[in-house]
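Note on naming: letters A, B, ... go to the chains in the order of the sequence lines (proteins, then strands), and numbering restarts at 1 for each one.
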Amino acid sequence: MADIIDDLKYRGLFNQVTDEEGLREAMKKPMAFYCGFDPTADSLHAGNLLVIVIMMRLQKAGHHPIAVVGGGTGMIGDPSGRSSERQLNTRETVARFSERLKEQLDRFLHFSDGEATYVNNNDWLGSLSAIEFLRDVGKHFPLNYMLSKESVQKRMEAGISFTEFSYMLLQSFDYLNLYERENCRLEVGGSDQWGNITAGLELIRRKGHDDPAFGMTFPLITKSDGTKFGKSMGGAIWLDPKKTTPYEWYQFWINASDDDVVNYLKWFTFLTKDAIEALAEEVRTHPEARQAQKTLAREMTRLVHGARALEQAEDITSALFSGDVSKLTGEEIEQGFKAFPQYACPAEESIQLIDVLVNASIAPSRRQAREDISQGAIYINGVRRTDLNDALTANDRIDGRFTIIRRGKKKYTLIKFK
RNA sequence: GGAGGGAUAGCGAAGAGGCUAAACGCGACGGACUGUAAAUCCGUUCCCUUUGGGUUCGAAGGUUCGAAACCUUCUCCCUCCA
């Protein structure tokens, strides 16, 4: 097995480490490491996946992952990388989010069979009294040290509450706890976590622990065009199939630009260096074949949603992008179109196309519907319709039940007749 | 408390009595091209079947044949002085 740190460096996932030589030495033996996840939503998103995959890499290299869900710190809010104060969530919300994250993380790291450990820092932070905290943690941090942190500095102008200011102490207390209870020797995180990680190491040192502990960060990833990674059509890309269907997930990755796709392969897949370099060569020589994008989409969909969902996503993709949806059977449509908006329509003899578009929310207004039709944006079962007075009839129903309407290049809506 | 400046379509920003459903830029959406890419080009972007109609320019009143534009009051924002 190649050196994990070298592998991370190759993949562009290495930002900085507190003591590289020391860590390399320590990693010759299996070690426990941790990474935190903030319960700020009811699902992890594509950006979080990077962190998960990095944990999996370390796990594959023989180390033991501890995933910490911030049920306690999530009550406070991490100021790192943020320009304004966080809106606090209720106790119930944080608890619910935490539970979701645990379920999602389990699928990748496998807590149940002991391959990884799950903890919620609410377990120790929730019952911690203010007095204890100030005596046992706060006493070890000079105010100057805290004030000089970048996360705090950046907020001095815009304002920062005492609550968020204190956040770093809570996270360092996490590390101390894991160090003492789980023999955890490494904390990893995005580069914005450097301040919090080093604060943890500081606390461990000041508590008189000699056994070395480490911190390592990876860069915050960006797209080549400078826009934020992990967004599509304004919305975030989630791991939860109810929020982002496997088909949408597959589409998100296959739409990666040539400039980004090789990076994504390095960051998110477990393909070897040789395999990645071969695909990079493909991008250079045969960009139109989009081998790299296809491989990426396949890998990511299999990883997150499994082989069966991948198969479905590929089936839907080929039907939709060949434009030949009319060949699909009723069964296939029922399976495949779960990913798309649907509209139940009364099965009348004939319905004005414009009315259908508006009723099914494909167009926001009749005026817009007319415009779409006349501009050639509307396809019924794969066939363009440009007549404003066109109507849907029984002939337009596949299997007597379905009509597939496409607006623009790839927005599909399934009309179900009943 | 005093003195000014501002509020215009998703956002930014023109307009200072009729030629304004409101320039321009961005965004968004369509189309062409293409590789489900990028770039580019073209079109649309308040609502309604119309070279036509309706409802808009912070809110409410008023002046006028006619107001986003003028007056009054109110609400909110910003700057300066205390």
Side-chain angles (χ1 to χ4, degrees), chain A residues 46 84 157-159 222-237 244-265 268 279-301 310 312-325 328 336-337 339-341 350-380 382-392 404-413:
Chain A
S84 62
E157 278 296 314
T222 52
K223 292 206 295 185
S224 57
D225 63 4
T227 58
K228 202 170 178 194
F229 168 82
K231 299 268 192 219
S232 169
M233 294 175 289
I237 301 296
T244 299
T245 63
Y247 167 77
E248 291 170 298
W249 176 260
Y250 181 89
Q251 285 294 320
F252 168 72
W253 294 101
I254 207 163
N255 276 313
S257 77
D258 294 357
D259 292 337
D260 287 319
V261 69
V262 175
N263 278 338
Y264 290 178
L265 287 168
F268 289 100
L279 285 168
E281 185 57 26
E282 277 297 305
V283 174
R284 274 191 292 275
T285 53
H286 306 290
E288 72 285 355
R290 290 169 47 250
Q291 263 324 115
Q293 280 89 341
K294 285 175 184 164
T295 306
L296 176 70
R298 207 173 295 136
E299 290 291 319
M300 298 323 295
T301 307
L310 167 61
Q312 274 192 17
E314 286 184 315
D315 284 351
I316 304 171
T317 295
S318 63
L320 262 37
F321 286 93
S322 70
D324 203 0
V325 285
L328 293 169
F337 276 78
F340 296 96
S350 152
I351 312 151
Q352 282 299 306
L353 185 49
I354 288 178
D355 293 326
V356 177
L357 294 180
V358 173
N359 292 339
S361 309
I362 296 167
S365 69
R366 298 173 61 76
R367 202 209 56 73
Q368 182 68 46
R370 252 177 279 116
E371 185 182 312
D372 289 339
I373 294 171
S374 51
Q375 283 185 143
I378 301 299
Y379 296 77
I380 305 299
V383 181
R384 179 180 271 175
R385 300 283 195 90
T386 52
D387 180 359
L388 287 178
N389 296 314
D390 215 341
L392 288 189
I404 297 167
I405 300 184
R406 175 180 137 206
R407 172 169 185 259
K409 283 184 173 31
K410 41 189 166 182
K411 284 188 195 127
Y412 285 86
T413 300

Using atom types as modelled and distance alone, determine if a side-chain donor or acceptor of [X] lies under 3.5 Å from a backbone N or O of [Y].
{"X": "Arg406(A)", "Y": "Gly408(A)", "value": "yes"}
{"X": "Tyr412(A)", "Y": "Leu320(A)", "value": "yes"}
{"X": "Ser374(A)", "Y": "Glu371(A)", "value": "yes"}

Closest to the [X] side chain: [options]?
{"X": "Lys411(A)", "options": "C29(B), G31(B), U45(B)", "result": "C29(B)"}
{"X": "Asp258(A)", "options": "U36(B), A32(B), A37(B)", "result": "A37(B)"}
{"X": "Ser257(A)", "options": "G31(B), A37(B), U44(B)", "result": "A37(B)"}
{"X": "Asn255(A)", "options": "G30(B), U34(B), U36(B)", "result": "U36(B)"}
{"X": "Arg370(A)", "options": "G30(B), U36(B), U50(B)", "result": "U50(B)"}
{"X": "Lys410(A)", "options": "U36(B), C48(B), G30(B)", "result": "U36(B)"}
{"X": "Ala377(A)", "options": "U49(B), G30(B), C47(B)", "result": "G30(B)"}

Checking Phe321(A) against Gln251(A) for the side chain to side chain contact (heavy atoms under 4.5 Å, CB included) test, could you report, in this order, the C-alpha distance in whole Å, the side-chain angles of both residues, the deciding distance, and whether it holds? CA-CA 11 Å; Phe321(A) 286 93; Gln251(A) 285 294 320; 3.5 Å; yes
Using the [atom1] atom as the reference point in each nucleotide, state the distance between [N] and [M] in Å, no decimals.
{"N": "U56(B)", "M": "A69(B)", "atom1": "C1'", "result": "14 Å"}
{"N": "A67(B)", "M": "A60(B)", "atom1": "C1'", "result": "16 Å"}
{"N": "G43(B)", "M": "G61(B)", "atom1": "C1'", "result": "43 Å"}
{"N": "U8(B)", "M": "C57(B)", "atom1": "C1'", "result": "4 Å"}
{"N": "U34(B)", "M": "U40(B)", "atom1": "C1'", "result": "11 Å"}
{"N": "G12(B)", "M": "A7(B)", "atom1": "C1'", "result": "14 Å"}
{"N": "A9(B)", "M": "A23(B)", "atom1": "C1'", "result": "13 Å"}

Going by distance alone, is a donor N or O of one side chain under 3.5 Å from an acceptor N or O of the other, for Glu248(A) and Thr245(A)?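 Yes.
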Short side-chain donor-acceptor distance under 3.5 Å, Asp258(A) and Gln293(A):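 Yes, because at least one side-chain N or O of Gln293(A) sits under 3.5 Å from a partner of the opposite role on Asp258(A).
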Please compare Ile354(A) and Thr317(A) by the position of their nearest nucleotide in RNA chain B and report the one closer to 5'.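 That would be Thr317(A).
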Select from Arg407(A) and Ser318(A) the residue whose nearest nucleotide in RNA chain B is closer to the 5' end of that strand.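 The residue closer to the strand's 5' end, by nearest nucleotide, is Arg407(A).
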Take the protein atom [atom1] of [X] and the nucleotide atom [atom2] of [N], then report the distance between them rounded to whole Å.
{"X": "Lys223(A)", "N": "A37(B)", "atom1": "NZ", "atom2": "C1'", "result": "11 Å"}
{"X": "Ile254(A)", "N": "A38(B)", "atom1": "CD1", "atom2": "P", "result": "14 Å"}
{"X": "Arg367(A)", "N": "U50(B)", "atom1": "CZ", "atom2": "C1'", "result": "14 Å"}
{"X": "Arg384(A)", "N": "G30(B)", "atom1": "CZ", "atom2": "C1'", "result": "10 Å"}
{"X": "Asp259(A)", "N": "G35(B)", "atom1": "CG", "atom2": "C1'", "result": "14 Å"}
{"X": "Gln368(A)", "N": "G43(B)", "atom1": "CD", "atom2": "P", "result": "17 Å"}
{"X": "Asp372(A)", "N": "G31(B)", "atom1": "CG", "atom2": "P", "result": "9 Å"}
{"X": "Phe252(A)", "N": "A37(B)", "atom1": "CZ", "atom2": "C1'", "result": "14 Å"}

Does the side chain of [X] reach to within under 4.5 Å of the side chain of [Y], using non-hydrogen atoms?
{"X": "Leu357(A)", "Y": "Ile373(A)", "result": "yes"}
{"X": "Asp390(A)", "Y": "Ile378(A)", "result": "no"}
{"X": "Phe337(A)", "Y": "Ile404(A)", "result": "yes"}

Only pairs with both distances under 3.5 Å count, Watson-Crick or wobble alike; so what is the partner of [N] in this structure?
{"N": "G35(B)", "answer": "none"}
{"N": "U51(B)", "answer": "none"}
{"N": "C74(B)", "answer": "G58(B)"}
{"N": "G1(B)", "answer": "C81(B)"}
{"N": "C29(B)", "answer": "G43(B)"}
{"N": "C24(B)", "answer": "G12(B)"}

Apply ring-ring contact (aromatic ring centres under 6.0 Å, His included) to Phe268(A) and list each qualifying residue two or more places apart in sequence or on a separate chain.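 Phe268(A) satisfies ring-ring contact (aromatic ring centres under 6.0 Å, His included) with Phe229(A), Trp253(A) once adjacent residues are dropped.
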Taking OP1 and OP2 of C48(B), is either one under 4.0 Å from a side-chain nitrogen or oxygen of Ser365(A)?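 It does, given that an N or O in the side chain of Ser365(A) lies less than 4.0 Å from OP1 or OP2 of C48(B).
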Can you check whether Arg366(A) has a side-chain N or O nearer than 4.0 Å to OP1 or OP2 of U49(B)?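 For U49(B), OP1 or OP2 has a side-chain N or O of Arg366(A) closer than 4.0 Å.
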Regarding U45(B), can its base be found pairing with the side chain of Glu371(A) as donor and acceptor, where the two atoms are less than 3.5 Å apart?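 A donor-acceptor contact between them is absent.
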Counting only heavy atoms and a strict 4.0 angstrom limit, can you tell me which residues of residues 284-300 of chain A come near RNA chain B?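 Per residue number, the list reads Pro287(A), Glu288(A), Arg290(A), Gln293(A).
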